[in-house]
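Everything on this sheet refers to the single structure shown next.
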There are 2 protein chains.
Amino acid sequence: MPRPTTPLLSQAGIRASALEIIDRDGLDGLSMRKLAAALGVSAPALYFHYPTKEQLLDDVANEIIEKVDVSAFTHGWREGLLTWARSYRAALAEHPNIVPFLARGPGQRDASLRRADAIHGGLVAAGWPPREATMIGASTKYLVVGAAMGSFSRGFVDDVQVYLDRYPSLGDAHRLREHADAVDRDSFEFALLMFVDGLAARLGGR
Amino acid sequence: MPRPTTPLLSQAGIRASALEIIDRDGLDGLSMRKLAAALGVSAPALYFHYPTKEQLLDDVANEIIEKVDVSAFTHGWREGLLTWARSYRAALAEHPNIVPFLARGPGQRDASLRRADAIHGGLVAAGWPPREATMIGASTKYLVVGAAMGSFSRGFVDDVQVYLDRYPSLGDAHRLREHADAVDRDSFEFALLMFVDGLAARLGGR
DNA sequence: TGGTTCAACTAACGGTGTTAAGTTAGCATG
DNA sequence: CATGCTAACTTAACACCGTTAGTTGAACCA
């Protein structure tokens, strides 16, 4: 069945289906064969539209990062930073399974760089020295990526009783599992505000 | 050649060789066959000592986390937190290639939990409400894991000129690549201090 | 109309983690 | 001391992976 009258595949369609599988089955749950099957096509057909799986994932990741809002630096660095960080985290939290890939390597993801530029520019325009602007950008990214990993609250397995017995100081943390998402969200917000407070004190003390 | 007179393999030896390969060839560079070859043995022999690759990696990760210092909470929460965060980051920076695995899933890594317990206990003992102690622990971990990913400075590929042309505001960031490690280390220290300053202000303001 | 290009196909390669079955050294027991 | 069980390895093989090669026939342009 060669060259169908109307194309069966498109880059956008492939990306959408790939993201769907990642969301449902995890990053390791995505294989080219499974993806092809979901699109009603054989695996090598995908390689006509994407040269490699890596490239496809790069594009999917790009699509997600595109939604991050870096526009609020016009309302001051504090507002800009908070808006950026929150929308960044929200974007990742919507597709947590792709975060390990995101974090692995930068690849060819243009969107990240365009945003890094906007952020750095916004901070410098607000009076931060370039070197500190760089560090603030990096720091915020650390927070977002770290939080997106959810490594803390997800560090508790389902069978909680075991840990309660062994680690008494964890105390009220025994309900961490059931409130995992809320804890992650609150902790991120907490960390972000502490960090920005620290920044404000530093900038104000000059 | 069955059952050699003296065992060729041990869990510790397997872990050591695995970590060596990971450090040298990256996380994806570790395969059971390559690991077996490095140990002068056939691949299935490993499965006598480790039920699965995942379990092996869990153990390797555990070994690394074991080195994290959580003892300094006896000198106050500030000192305890700083020491923990710095030694945590140092431990990960020593084996950056395993960080993506670390972040992927918590697995059965006992060491993480024993440390979470110590940290939570130390913070509460120093006067932090349990709920905030949980968030402080989580936040610090976000910073460490995020920084270990080095996702910011490594987000710039080798060919820098391309980005200079396209993203003018990046300005002095054009030397990011060559100073990548230094930038990461400084940014982490910066973020940590800003965060702890924010914390101190919050605790002091009560 | 003819030739080229496109978008799919099947077959296959080398790699992966892992399981099954075979072989024999070491150890415990009668 | 012989017997049997377990331990620690072997080779062969399974199902899957990302990817490449070679084929087919519809669509498009001259």
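Below, read A as the first sequence line, B as the second, and so on, with proteins coming before strands; counting in each chain starts at 1.
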Choose from C:dC9, D:dT10, C:dC6 the nucleotide whose nearest atom is closest to any side-chain atom of A:Val41.
C:dC9
Does A:Lys53 reach the main-chain N or O of A:Leu30 with its side chain, forming a donor-acceptor pair under 3.5 Å?
yes
Interatomic distance, B:Arg202 atom CZ to A:Leu193 atom CG [nearest 0.5 angstrom]
8.5 Å
Shortest non-hydrogen contact between A:Asp23 and A:Glu94, atoms and distance:
OD1-O, 4.4 Å
Of all of residues 12-29 of chain A, which get a heavy atom below 4.0 angstrom from DNA chain D, listed by number?
none
Verdict with reasoning, B:Arg115 to B:Asp69, per salt bridge (charged side-chain N to carboxylate O under 4.0 Å, His left out):
CA-CA 9 Å; B:Arg115 272 152 182 74; B:Asp69 182 1; over 6 Å; no
B:His49 side-chain N/O to D:dA7 phosphate OP1/OP2 under 4.0 Å
no
NA contact type, A:Ala45, heavy-atom cut-off 4.0 Å: base, sugar-phosphate, or nothing?
sugar-phosphate
Are A:Ile64 and A:Leu102 close enough that some pair of their side-chain heavy atoms sits under 4.5 Å apart?
no
Counting distance only, does the side-chain N/O of B:Thr52 pair as donor-acceptor with the main-chain N or O of B:Gln55 below 3.5 Å?
no
Nearest whole Å is fine: how far is C:dA8 C1' from A:Tyr50 OH?
18 Å
At less than 4.0 Å, is any side-chain N or O atom of B:Ser42 found next to OP1 or OP2 of D:dT10? Yes or no.
yes
Calculate the interatomic distance between B:Leu9 atom CG and D:dT10 atom C1'; express it in whole Å.
12 Å
Minimum heavy-atom separation for B:Ala18 and B:Val60, please, with both atom names.
CB-CG2, 4.4 Å
Using a distance-only test with no angle check, is there a side-chain donor-acceptor pair under 3.5 angstrom linking B:His120 and B:Thr134?
yes
Return the polar atom pairs (N/O with N/O) between nucleotides 17-21 of chain C and the protein under 3.5 Å, or none.
residue	atom	partner	partner atom	Å
C:dG17	OP1	B:Met32	N	3.4
C:dG17	OP1	B:Lys53	NZ	2.7
C:dG17	OP2	B:Met32	N	2.8
C:dG17	N7	B:Arg33	NH1	2.7
C:dG17	O6	B:Arg33	NH2	3.0
C:dT18	OP1	B:Thr52	OG1	2.4
C:dT18	OP2	B:Tyr47	OH	2.6
C:dT18	OP2	B:Lys53	N	2.8
C:dT18	O5'	B:Tyr47	OH	3.3

D:dT19 P sits how many Å from A:Gln55 CD, rounded?
11 Å
